[in-house]
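One structure below.
Just so you know, these numbers use all the heavy atoms, side chains as well, and skip hydrogens, waters and symmetry mates. Every number for a ligand or one of its atoms is a count from 1 in the order of the listing.
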Amino acid sequence: MSREFRTGIGYDSHRLELDRRLVLGGIEIPFPKGLAGHSDGDIILHALTDALLGAAGLGDIGQHFPPSDDQWRGAASTLFLEHARKLLEANSYQIVNVDVAVVIEKPKILPYRDRIRQHIAKTLGIDMERVGLKAKTAEGLGPVGAGEAAEAHAVATIAR
Ligand code: MG
């Protein structure tokens, strides 16, 4: 029996605002600004959740966790990723690998990269070498370059 492989893409962007916690990939990073949003604003986990749901054809994060629903106010986005994992498991999918590019001017993400990869790997129940993470800046261009926003792009490959 041959295996079926599927790929999904996810993208997210949030504004960076003063006096919010900066949570990226489930890890809190000390910085004067954090990502605005209904939940903790974790763009990495939002993009990743969408990539996984998309690969399986199971909708998107807004459908499963509507911003209009008050139960997700300030929610840890790890919950969203856990939910995607459970949905995939219920549909007999295994996660082959995920890869993320985060675009943020400041702070430097490199010192946190392996902790973030570890958190994602643990949440998804996969080895850390199956989790890629790159951090880029926008070279000063646009709202991301001005430090007013940050964005994340993710892909996921699943199989069953
Ligand atoms: Mg989001």
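- Taking 4.0 Å as the cut-off between side-chain N and carboxylate O, Glu89 and Arg85 count as a salt-bridged pair.
- Remark: Arg20 does not engage Asp40 in a salt bridge, criterion side-chain N to carboxylate O under 4.0 Å.
- Legend: protein N/O/S atoms lying under 2.8 Å from the Mg ion (ligand 1), waters omitted, number 3.
- Phe31 pairs by the ring-ring contact (aromatic ring centres under 6.0 Å, His included) definition with nothing, not counting sequence neighbours.
- Taking the side chain as every heavy atom from C-beta outward, Val144 and Glu151 approach each other to under 4.5 Å.
- Here Phe65 pairs with Trp72, Phe80, His83 under the ring-ring contact (aromatic ring centres under 6.0 Å, His included) rule; sequence neighbours left out.
- The ring-ring contact (aromatic ring centres under 6.0 Å, His included) check on His119 picks up nothing, with sequence neighbours excluded.
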